[in-house]
Amino acid sequence: MGFSGLVRWTNAPTTGLELIAQNILKNHQGQYKGKWHLSMKSFRSTLGPIPGYQVSVERSMCTLTMDDNVFCVLEDPAAPMRAEWLPQAQAFAKQGQTIPKPTHFRHTFPTLGPPGALEQLLTQLRARWVPVRHTSGAGGGGGGAGGTGSAPGQLLATGAHLTVEGHVYAIGSDWLVRAGNVIISPGGAMKGMLLEVEYVPLPVMEATYAMQPVLTNLLLSILPNLPDPKIVAMTLGDEQWAEVETGDDLGMATDPKTDEDDEDDIYAAEDDHPSYKQGDWMGIERDRRSAYLIIGALKQEGLL
C-alpha cells in the first residue's frame, strides 16, 4: 500500500461511475480489480451538565467500516485539544513541574473490530449514544437524549447512514484507483462521488510532497470531461493528523533513530530495508488516513 489522494465530486451525475470506468479501461488500459464498499454511521451522546459549562455537552461519534476494520472518530468538546495541552505540559516540564494528563483529548481515533462489535457493546452497556439518523434496521426505537435509542437486547442502529458503492481498478502495476457513489440511507439518494488514487510503491511520508502534482494530474485525467464539475481535493496536514495520531501522547519522548549510525556503510545486505515509522502510508495506517479524510469531508457537508 502506498500514498493516496482523495477527491470529492459533489455534483457527479448518476452515470459518473460508468464514465470513469470507461475512461480508465479504454484510455489508461486499466484492469478491473474488484468492488469498493464503505459504510458509515454517526451517533451523538448528550451528557448531563458539566461544571463550568452552561449547556449540556454533546459528544459525536462517526464510524467507517472498511473491510474488517471499523475506524471511529470521536469528538468531545469538553476535552482539551492535544495541540493546546502539549505546550502547557512542556512549559511545566522545563520548570520541573507536571500537570495532570487528561484522560483523553478532544479528538480520538481508535480502530475497532470486527464490524458490528461496537453497536453490540453500546447496547450491552446501555451507553448514552443515539444514532443521528434512524435507518430501517434501527428497530424503530427513537429514544431521547438521555436514552440509548433502542430497547434492551436490541441492536443499536444496525443500518448504515451512508455507503460508498463502487469499484477498484489498477493502472499498470503502480496505481490503484477507487471510485464510488456516495449513497445516503434511508432512501438511497446519491450524494456525489468519492475518488481515491493510490501510488503503491511510495509508502514513506518524507517523499510524498513531490507526489501531489502527479496524483492531481492522474485524477484529472480520470475524470470525464463534463461542464462545471464541482471537485474538492481532500487533504490532511501533519498538524491535523498529529491531533488524532496514536502513540506518544506527549510528543516529548521518542525513541532516537539508529539508522544514522550506519551512514558510512556503503554495502547493503539482504535484510536492509527502510525502517517503518508510525504514520507511513502502509497497511492499516493508509486505511486510517483515508477513513479520517472521508469522515471529515462528509461530516463537513452535513451528511454525517
Side-chain angles (χ1 to χ4, degrees), residues 1-13 15-40 64-67 69 71 162-183 190-226 229-238 240-241 279-301 303:
M1 291 186 174
F3 178 67
S4 302
L6 280 160
V7 166
R8 177 86 170 100
W9 187 7
T10 56
N11 65 340
T15 58
L17 190 59
E18 181 181 354
L19 294 174
I20 289 176
Q22 293 177 357
N23 196 355
I24 293 175
L25 297 176
K26 294 182 179 179
N27 298 332
H28 294 274
Q29 289 74 49
Q31 295 181 340
Y32 179 76
K33 303 297 290 185
K35 292 185 176 295
W36 188 37
H37 174 78
L38 305 174
S39 62
M40 288 157 276
L64 184 148
T65 302
M66 181 187 303
D67 298 327
N69 297 311
F71 303 98
L162 282 176
T163 58
V164 175
E165 301 289 348
H167 306 285
V168 182
Y169 302 90
I171 299 179
S173 59
D174 291 344
W175 296 94
L176 287 177
V177 179
R178 302 174 182 89
N181 295 324
V182 178
I183 301 173
M190 178 179 166
K191 296 293 182 179
M193 292 185 62
L194 279 173
L195 291 93
E196 181 180 43
V197 172
E198 178 182 348
Y199 186 61
V200 179
L202 185 64
V204 182
M205 286 300 296
E206 286 82 357
T208 58
Y209 300 104
M211 286 301 302
Q212 295 289 355
V214 180
L215 290 175
T216 301
N217 292 335
L218 181 61
L219 282 167
L220 291 176
S221 68
I222 290 172
L223 291 170
N225 188 14
L226 297 177
K230 294 182 180 179
I231 301 171
V232 180
M234 301 156 63
T235 59
L236 181 66
D238 291 339
Q240 294 173 288
W241 184 242
D280 284 352
W281 294 72
M282 294 179 64
I284 198 171
E285 287 296 327
R286 193 215 68 87
D287 293 342
R288 278 170 52 84
R289 285 178 175 264
S290 178
Y292 190 77
L293 278 172
I294 293 173
I295 290 176
L298 298 180
K299 188 176 181 180
Q300 189 174 9
E301 293 181 27
L303 297 179

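With sequence neighbours excluded, the residues that form a ring-ring contact (aromatic ring centres under 6.0 Å, His included) with Tyr169 are Tyr32. Every residue meeting the side-chain contact (heavy atoms from CB on, under 4.5 Å) condition with Ala12, not counting sequence neighbours, appears here in chain and number order: Trp9, Met190, Met193. In this view, Glu18 satisfies the salt bridge (charged side-chain N to carboxylate O under 4.0 Å, His left out) rule with no residue, not counting sequence neighbours. By the side-chain contact (heavy atoms from CB on, under 4.5 Å) test, Lys26 pairs with no residue at all, sequence neighbours left out. Residues forming a salt bridge (charged side-chain N to carboxylate O under 4.0 Å, His left out) with Lys299 (at least two apart in sequence, or on another chain): Glu75. With sequence neighbours excluded, the residues forming a side chain to side chain donor-acceptor pair (under 3.5 Å) with Glu301 are Arg8, listed by chain and number.
Summarising the geometry, atom CD1 belonging to Ile222 is positioned 7.5 Å from atom CD1 belonging to Ile20; distances are rounded to the nearest 0.5 Å. In this structure, CG on Asp287 lies 5.0 Å from CE on Met66, to the nearest 0.5 angstrom. Atom-to-atom distance recorded for Leu64:CG and Ser39:OG is 7.0 Å, nearest 0.5 angstrom. Leu194 contributes atom CG, which lies 10.5 Å from atom OG1 of Thr10 (distance to the nearest 0.5 angstrom). Expressed to the nearest 0.5 Å, how far CZ of Arg289 lies from CG of Leu6 amounts to 12.0 Å.
The minimum heavy-atom distance between Leu195 and Ala179, with the atom names listed, is CG-CB, 4.3 Å. Nearest approach of Leu25 to Gly30, heavy atoms of both residues: CD2-O, 3.3 Å. The shortest non-hydrogen separation linking Leu176 to Ala170 is CD2-CB, 4.0 Å. Of all heavy-atom pairs spanning Val168 and Lys35, the tightest one is CG2-O, 3.9 Å.
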*Carefully, step by step, assess Leu218 and Tyr199 under the rule side-chain contact (heavy atoms from CB on, under 4.5 Å).*
CA-CA 10 Å; Leu218 181 61; Tyr199 186 61; over 6 Å; no
*Given side-chain contact (heavy atoms from CB on, under 4.5 Å), test Val200 with Asp174 step by step and report yes or no.*
CA-CA 5 Å; Val200 179; Asp174 291 344; 5.6 Å; no
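A heavy-atom distance below 4.5 Å is not found between the side chains of Leu223 and Pro229. Under the 4.5 Å side-chain criterion, counting only non-hydrogen atoms from C-beta, Ile231 is not in contact with Leu219.
Other residues, nucleotides and ligands contribute at most 12 non-hydrogen atoms within 6.0 Å of the CG atom of Asn225. Surrounding CD of Gln31 are at most 12 heavy atoms belonging to other residues, nucleotides or ligands under 6.0 Å away.
Each of Ile294, Asp67, Val182, Thr65 was checked for a side chain to side chain contact (heavy atoms under 4.5 Å, CB included) with Leu38, and the lone residue meeting it is Ile294.
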